[in-house]
Amino acid sequence: MTRPRFITFEGIDGSGKSTQARRLAQWLGDQGHDVILTREPGGSQGAEEIRQLLLTGDTDRWSAETEILLFTAARRDHLEKTILPALAAGKTVVSDRFADSTRVYQGATRGDLRAKVDALHALMIGREPDLTFVIDMDPATALERGLARRSGEDRFEDFGLPFQETLRHGFLALARAEAQRCVLIDGNRTPDQIASDVAAHL
Ligand code: ADP
Ligand code: MG
């Protein structure tokens with residue numbers, strides 16, 4: 001296989017995605033690769049602006065369907081403005097979350113809309129990552145980590161342990177369904193151990 005150049009990290013909140021995405025981008029850069037680190041939600045100016053629309057106002061401001069259209073619009077902008085230009089320039093792209101997060105979150109909260117998410121994605125996004133690291137770990141520990149990190153611009157929302165469990169199973173099912181591009185990573189280890197495991201897959 002040719003070297004993967006569009007690499008994403010997925011998993012529940014607090015599982016170490018941002019930590020490992022940063023470390024992998026650093027490591028690839030040290031190896032002499034031209035690499036950009038990006039993330040969702042956000043990742044381009046337009047996507048950030050759309051994100052603000054989703055974050056402000058009443059919780060019932062948008063219907064579930066409109067919300068999915070906004071997520072998709074934001075992702076399309078991220079893809080067009082950040083990801084595809086970098087890939088075309090020969091760079092490696094490491095993204096902290098991408099489409100799989102929407103699939104799993106919408107599947108967990110609005111199961112009946114999962115088919116629409118998939119159809120919209122096929123129509124308007126199309127591009128899947130070459131390689132996706134799904135970090136799997138104990139949801140209670142991940143929740144503790146997330147709560148400890150609550151401040152700062154990397155928002156953490158406490159949806160509670162049962163929901164974390166549901167999301168975890170959503171990510172596990174997705175990793176199985178998309179086994180050709182997904183690698184399951186045991187997140188119940190030190191950051192160094194996880195980073196070496198990730199690097200070993202490249
Ligand atoms: P995510 O982006 O998946 O929500 P983060 O990378 O932000 O997770 O990690 C959540 C918190 O846990 C951060 O404070 C981070 O420093 C810490 N952390 C990350 N990986 C580990 C690990 N392997 N062991 C212990 N703490 C970790
Ligand atoms: Mg994060």
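For the numbers below, each heavy atom of this structure counts, side chains included, while hydrogens, waters and symmetry mates do not. In each ligand, atom 1 is the first atom listed, and ligand 1 is the first ligand listed.
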- Task: Could you tell me whether ligand 1 has any atom less than 4.0 Å away from a heavy atom of Gly11?
- Result: no

- Message: So is Gly146 touching ligand 1 or not, going by heavy atoms under 4.0 Å?
- Response: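 No, that is not the case, since the closest heavy atom of the residue is not under 4.0 Å from the ligand.
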
- Task: Output yes if Ser18 passes the N/O/S-under-2.8 Å test against the Mg ion (ligand 2); output no otherwise.
- Result: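 Yes, within the cut-off.
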
- Item | Part of Gln20 within contact of ligand 1 (heavy atoms, under 4.0 Å) | neither

- Message: Using a 4.0 Å heavy-atom cut-off, which part of Thr190 comes near ligand 1: side chain, backbone, both, or neither?
- Response: backbone

- Item | Donor-acceptor under 3.5 Å (Thr102 side chain, Phe98 main chain) | no

- For Gln45, look at atom CD and say whether over 12 heavy atoms of other residues, nucleotides or ligands are found less than 6.0 Å away.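 Check fails, neighbour count at 12 or below.
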
Pull out every atom of ligand 1 sitting under 4.0 Å from any heavy atom of [X], numbered as shown with elements.
X: Ile194; result: 23 (N)
X: Arg189; result: 22 (C), 23 (N), 24 (N)
X: Ile12; result: 3 (O)

- Message: Below the 3.5 angstrom mark, is there an N/O of Asp96, backbone or side chain, next to an N/O of ligand 1?
- Response: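 Looking only at distances, the answer is no, because the N/O contact criterion of under 3.5 Å is not met.
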
- Query: Should Leu131 and Val35 be regarded as members of a common hydrophobic cluster, given that ILVMFWY residues are connected when their side-chain heavy atoms come within less than 4.5 Å of each other, either directly or indirectly?
  - Reply: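 Linked, Leu131 and Val35 end up in one cluster.
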
- If hydrogens are left out, which of Asp13, Thr19, Asn188 has an atom nearest to atom 9 (O) of ligand 1, that is, the closest non-hydrogen atom?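 Closest candidate by heavy-atom distance is Thr19.
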
- Query: Between Glu128 and Arg181, is there a salt bridge with N-O shorter than 4.0 Å?
  - Reply: yes

- Query: Taking only residues two or more places apart in sequence, or in another chain, which ones meet Arg114 in a salt bridge (charged side-chain N to carboxylate O under 4.0 Å, His left out)?
  - Reply: Asp118

- Note on the structure: All heavy atoms of Ile194 vs all of Ile185, minimum pair found to be CG2-CG2, 3.7 Å

- Share the residues that join Met137 in a hydrophobic cluster, the rule being Ile, Leu, Val, Met, Phe, Trp or Tyr side chains under 4.5 Å apart at the heavy-atom level. none

